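Just so it is clear, the structure is predicted and the values come from calculations on it, not from any experiment. Computation of the quantities below employed the complete heavy-atom set of this structure, encompassing side-chain atoms and omitting hydrogens, waters and symmetry-equivalent molecules.
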Amino acid sequence: MSEPAIVDRIKSEITADGIPFPPSDLLSDEPPLESDLHRDQIELLIRTLKLWWQERQDFYASGNLTIYYSPRQKKSEEFRGPDFFVVLGTEKRDRNSWIVWHEDGKYPNVIVEILSDSTAAVDRGLKKQIYQDTFRTPDYFWFDPVTLEFQGFHLVEGRYQPITPTPEGKLWSQQLELYLGMYEGKLRYFTADNQLIPTPEEKAQQAESRAQQAQEEVNRLREILLAQGIDPDNI
């Protein structure tokens, strides 16, 4: 969000004693995503994790959403909009933005930045520094959907240390207890035993395939019974 827009919003909420009252419903106003690749990748990470954790009520996953974290609780300063982030140990509900001082001081446990020509330098430099020193985000990753550059870091004694990849190039997220790795040119989740976590569409296709296989087995058994002169409908 531009600073003038935020300042105007704050001025409209000055109390009688002149002290700004920080609203809790400030909307996120992140810039448009750079391409369809970037939007699709962010949505893929969000939707797949929400499906995998559908029974959990203790996390918040979002993307391209503003995080406000000013120590002085001012919306006109100290804000960032990670491409994808997960906060653990919080209420699972919709939000207009993530306001740290309204969320028990919680920062993201995991952040993934989707690199682009215009953001890569900041993602590798300034944002990495902020996520390390201010957010103290334990797991930070970046991924380029064009070049497929993929790197991850884990916070160790206050400093980011590179996560060692598996032979297949996957990186372990201690916070998610999942691997992140590439599959068909996309950044995806994998279980600890290296199983690809399905998207909602893939899960629906798997269910349809299982139902089809079950029906084929029923048909096969019917044919066997009929060949033996047994009417399966009268059994």
Peer 1: Measuring from Ile114:CD1 to Thr119:OG1, what's the distance to the nearest 0.5 Å?
Peer 2: 9.0 Å

Peer 1: With sequence neighbours excluded, what pairs up with Arg136 under the salt bridge (charged side-chain N to carboxylate O under 4.0 Å, His left out) test?
Peer 2: none

Peer 1: CG of Leu178 to CG of Leu180: how many Å apart, nearest 0.5 Å?
Peer 2: 7.5 Å

Peer 1: Just so I know, are the side chains of Lys186 and Gln41 near enough to count as touching, which here means a heavy-atom distance under 4.5 Å?
Peer 2: yes

Peer 1: With sequence neighbours excluded, tell me which residues meet side-chain contact (heavy atoms from CB on, under 4.5 Å) with Leu126.
Peer 2: Arg80, Val122, Ile130

Peer 1: Taking the side chain as C-beta and beyond, is there a heavy-atom pair between Asp139 and Phe153 under 4.5 Å?
Peer 2: no

Peer 1: Can Val86 be reached from Leu44 by stepping across I, L, V, M, F, W or Y side chains whose heavy atoms are under 4.5 Å apart?
Peer 2: no

Peer 1: With sequence neighbours left out, what residues match Trp52 under ring pair (Phe, Tyr, Trp, His ring centres under 6.0 Å)?
Peer 2: none

Peer 1: Less than 4.5 Å apart, any side-chain heavy atom of Pro138 and any of Val110?
Peer 2: no

Peer 1: How close do Ala61 and Leu49 get, counting heavy atoms only, and between which atoms?
Peer 2: CB-CD2, 4.2 Å

Peer 1: Using the side-chain contact (heavy atoms from CB on, under 4.5 Å) criterion, which residues pair with Ile163? Sequence neighbours excluded.
Peer 2: Phe141, His154, Leu171

Peer 1: Side-chain contact, heavy-atom cut-off 4.5 Å: Trp101 with Ser70?
Peer 2: yes

Peer 1: Measuring from Asp94:CG to Ser62:OG, what's the distance to the nearest 0.5 Å?
Peer 2: 9.0 Å

Peer 1: Name all pairs fulfilling the salt bridge (Lys or Arg N to Asp or Glu O under 4.0 Å) condition that reach into residues 45-65, sequence neighbours left out, sorted by first residue then second.
Peer 2: Arg47-Glu201, Arg56-Asp58

Peer 1: So, for Phe135 and Tyr107, is the gap between ring centers shorter than 6.0 Å?
Peer 2: yes

Peer 1: Can you find a heavy atom in the side chain of Lys106 that is under 4.5 Å from one in the side chain of Val100?
Peer 2: no

Peer 1: Give me the other members of the hydrophobic cluster that Val146 sits in, counting Ile, Leu, Val, Met, Phe, Trp and Tyr linked by side-chain heavy atoms under 4.5 Å, directly or via other members.
Peer 2: Leu37

Peer 1: Does one hydrophobic cluster hold both Phe84 and Leu148, with members joined at side-chain heavy-atom distances below 4.5 Å?
Peer 2: yes

Peer 1: Relative to each other, are the rings of Phe143 and Phe150 parallel, tilted or perpendicular (30° and 60° limits)?
Peer 2: perpendicular

Peer 1: State the CG-CG distance between Leu88 and Asn109, to the nearest 0.5 angstrom.
Peer 2: 4.0 Å

Peer 1: Under a 4.5 Å cut-off applied to non-hydrogen side-chain atoms, are Pro82 and Val112 in contact?
Peer 2: no

Peer 1: Let me see the working for Tyr160 and Thr137 under side-chain contact (heavy atoms from CB on, under 4.5 Å), right down to the final yes or no.
Peer 2: CA-CA 9 Å; Tyr160 275 141; Thr137 294; 3.6 Å; yes

Peer 1: By salt bridge (charged side-chain N to carboxylate O under 4.0 Å, His left out), which residues pair with Glu103, not counting sequence neighbours?
Peer 2: Arg93, Arg95

Peer 1: Taking the side chain as every heavy atom from C-beta outward, state whether Thr199 and Arg188 have any pair of such atoms under 4.5 Å apart.
Peer 2: yes

Peer 1: Do you know the tightest heavy-atom contact between Phe190 and Gly181?
Peer 2: CE1-O, 3.5 Å

Peer 1: Restricting to side chain to side chain donor-acceptor pair (under 3.5 Å), what partner residues turn up for Thr48, sequence neighbours left out?
Peer 2: none

Peer 1: Which atom names give the shortest non-hydrogen contact between Tyr189 and Leu176, and what distance separates them?
Peer 2: CE2-CD1, 3.9 Å

Peer 1: Rounded to the nearest 0.5 Å, how far apart are CD of Glu202 and CD1 of Ile197?
Peer 2: 11.0 Å

Peer 1: Just jot down the side chain to side chain donor-acceptor pair (under 3.5 Å) partners of Asp193, sequence neighbours excluded, or say none.
Peer 2: Thr191

Peer 1: Hey, quick one: are Trp172 and Tyr183 part of the same hydrophobic cluster, counting side-chain heavy atoms closer than 4.5 Å, chains of contacts allowed?
Peer 2: yes

Peer 1: State which residues pass side-chain contact (heavy atoms from CB on, under 4.5 Å) with Glu168; sequence neighbours excluded, sorted by chain then number.
Peer 2: Thr166, Lys170

Peer 1: Nearest 0.5 Å please: distance from the OG1 atom of Thr66 over to the CD1 atom of Ile99.
Peer 2: 10.0 Å

Peer 1: Are Trp98 and Tyr60 close enough that their ring centres sit under 6.0 Å apart?
Peer 2: yes

Peer 1: Would you say Gln54 has more than 12 foreign heavy atoms packed within less than 6.0 Å of its CD?
Peer 2: yes

Peer 1: Once side-chain contact (heavy atoms from CB on, under 4.5 Å) is applied, do any residues pair with Glu157, and if so which ones, sequence neighbours excluded?
Peer 2: none

Peer 1: With salt bridge (Lys or Arg N to Asp or Glu O under 4.0 Å) as the rule and sequence neighbours excluded, what pairs involving residues 123-135 come up?
Peer 2: Glu113-Lys127, Asp123-Lys127, Arg124-Glu149, Asp133-Arg159

Peer 1: Give me the ring orientation class for Tyr140 and Trp142: parallel if the planes are under 30° apart, tilted from 30 to 60°, perpendicular past 60°.
Peer 2: perpendicular

Peer 1: Could you tell me if the side chain of Ile67 sits less than 4.5 Å from the side chain of Phe79, heavy atoms only?
Peer 2: no

